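Working notes for the structure below.
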Amino acid sequence: GVMGAFAFAVLPPPIQGIGNAGGFTMQVNLKNGNFDYALLQTLTNALVSQANGQSSLQRVATTFRAGAPQIFVTINRVKAETLGITVGQVFAALSDYVGSNYVGQITKFGHVFQIYAQADAKYRANINDLQNLKVKAGDGTMTPIGTVVEVSEVQGPPLISLYNLYPSSTIIGGPAPGFSSGQALDIMDQIGEQALPKGTGYQWTAMSYQEKEVGSQIYFVFGLGLLLVYLVLAGQYESWILPFAVILAVPLALIGTVGALTYFGATNVAASQSGVAATNLYTQIGLILLIALGAKNAILIVEYARQRRDQGMPALDAAVEGARLRFRPIIMTSFAFILGVLPLVLATGAGASARKSIGIAVFFGMIASTCLTVVFVPSFYVVMQRLDERRSRSGERAPADLPAGE
């Protein structure tokens, strides 16, 4: 319905200050020293057209325009100098009349108002009006600017942007429902490699650049989190095997998170489109948080069972008693936390997608951890405790088997 413009909606970035739009942001560059913006426009349009033809992408568009109507002013410098008019005077007059110029301030009605000088709208409506604007000549007379300038209509980019010193255009878009942001970036990589000729290229920027740089590091962060829990428990239990009874409880929490994200992505189109049902940055933060929360429930059982085992109780009986006596503390602490994050799951308004992403990940992850920990952790403890005791007995018998004198 907008005849004089090209309009499209742009989602805000997930983290304020990193980029201007959500989804992905790609920069198409001319890398051969060429400043042919018509070529850049053709390449950009080709990429956008191919991207919109992909079922895994949506809302792919560009803000770059190389054919915007412009007014080009050519100054006859020789004639201007003859009349005593400097080039600076011509530029200043055009800037003041067509744009505006700050003059000063005035105080009235108890308030300070700024004063700007500018030609009235009817005197700057078309090209002929620009030629009738006047500038002061050397003899003091007001001379029309059209005497020393020639005004013509041309086409060109309204804004020239450089990215890493290369002429650049911006392409924005996002993944379609049911596809992750990583899949969208991979598809755009394939399109860019196929559609862009030699001497041109593309680069990722904003959140897309960050995702490309650190997207795979979530596995290392998750692994380091588990390693930290393992080393702390190994020092506390003085065993290299027994901490696995706690570590094995962490994936139980992930079952709830993965199940919830899969369910919402398959049944709720709005959740999938908003990124709530995707493995985004906020979901990854929730997964790291679940390491501590899932380990906490397991530690309550394992610690008590280990103490009872040290007092001489059989490992199986110690595990059963630990699960029975620690059941109420686990339920109380877990559901206090679950109800605490419920407002994140039900969030509405600006930024709701981010709060829902981390809320859903932690909420359903803790429900799964609470329900499954009491069932599986005692079994984990019995198996690891027996392995640890068997290893200890093997280590004690080994020196006795050595021949005398060795």
Side-chain angles (χ1 to χ4, degrees), residues 1-31 35-70 155-164 166-197 200-212 215 269-278 280-281 350-354:
V2 182
M3 302 302 296
F6 179 73
F8 55 89
V10 177
L11 296 176
I15 299 179
Q16 187 176 3
I18 303 183
N20 298 318
F24 60 79
T25 306
M26 171 187 281
Q27 298 291 143
V28 183
N29 300 327
L30 299 177
K31 296 185 175 182
F35 282 80
D36 187 353
Y37 291 104
L39 173 62
L40 182 60
Q41 181 74 75
T42 302
L43 297 175
T44 303
N45 292 341
L47 285 176
V48 171
S49 177
Q50 293 186 34
N52 282 320
Q54 300 290 329
S55 60
S56 57
L57 302 175
Q58 65 176 355
R59 296 192 302 270
V60 182
T62 178
T63 57
F64 181 73
R65 291 292 178 271
Q70 298 179 351
Q155 291 183 341
L159 178 64
I160 298 176
S161 61
L162 301 178
Y163 192 81
N164 289 339
Y166 296 124
S168 175
S169 64
T170 303
I171 296 178
I172 60 175
F179 296 89
S180 67
S181 59
Q183 291 174 311
L185 296 184
D186 292 339
I187 293 296
M188 290 301 298
D189 280 331
Q190 297 176 13
I191 296 175
E193 294 292 340
Q194 296 174 1
L196 295 178
T200 63
Y202 68 92
Q203 294 173 299
W204 294 107
T205 187
M207 280 297 296
S208 301
Y209 172 80
Q210 300 294 334
E211 183 171 353
K212 277 290 187 180
V269 177
S272 180
Q273 289 178 340
S274 63
V276 171
N280 53 33
L281 176 65
S353 296

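Not measured: the values here are computed from a predicted model.
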**Message:** Using 30° and 60° as the class boundaries, would you call the ring planes of Trp204 and Phe24 parallel, tilted or perpendicular?
**Reply:** perpendicular
**Request:** Would you check if there is a donor-acceptor pair between the side chains of Gln27 and Thr170 at a distance under 3.5 Å?
**Result:** yes
**Prompt:** Would a 4.5 Å heavy-atom cut-off, applied to side chains only, mark Pro175 and Leu57 as touching?
**Reply:** no
**Request:** Could you tell me whether the side chain of Leu43 reaches within less than 4.5 Å of the side chain of Pro197, counting heavy atoms only?
**Result:** yes
**Asked** When you look at OH of Tyr163, are more than 12 heavy atoms from neighbouring residues, nucleotides or ligands closer to it than 6.0 Å?
**Response** yes
**Request:** Mind listing the closest non-hydrogen atom pair of Pro157 and Phe64 along with its distance?
**Result:** CB-CE1, 4.2 Å
**Request:** Quick one: closest heavy-atom pair of Ala51 and Met188, and the distance?
**Result:** CB-SD, 3.7 Å
**Asked** Does the Asn52 side chain pair with the main chain of Val60, one donor and one acceptor, at a distance under 3.5 Å?
**Response** yes
**Prompt:** Are any non-hydrogen side-chain atoms of Ile191 and Leu47 less than 4.5 angstrom apart?
**Reply:** yes
**Item:** Any donor-acceptor N or O pair under 3.5 Å, side chains Gln190, Asp186
**Value:** no
**side-chain hydrogen bond (donor to acceptor under 3.5 Å, both in side chains) involving Thr63 - partner list, sequence neighbours excluded** = none
**Exercise: identify the closest heavy-atom pair between Tyr166 and Leu30** = CD2-O, 3.6 Å
**Fill in**
For Thr44 and Ser169 the tightest heavy-atom approach is OG1-OG, 2.6 Å
**Message:** Main chain of Thr25, side chain of Ser208: is a donor-acceptor contact present, judged purely on distance under 3.5 Å?
**Reply:** yes
**Asked** Quick one: does Gln155's side chain have a donor or acceptor within less than 3.5 Å of a partner on Ala66's backbone?
**Response** no
**Closest heavy-atom pair and its distance - Gln50, Ala195** = NE2-CB, 3.6 Å
**Pairing residues for Ser56 by the side chain to side chain contact (heavy atoms under 4.5 Å, CB included) criterion, not counting sequence neighbours** = Gln54, Phe179, Ile187
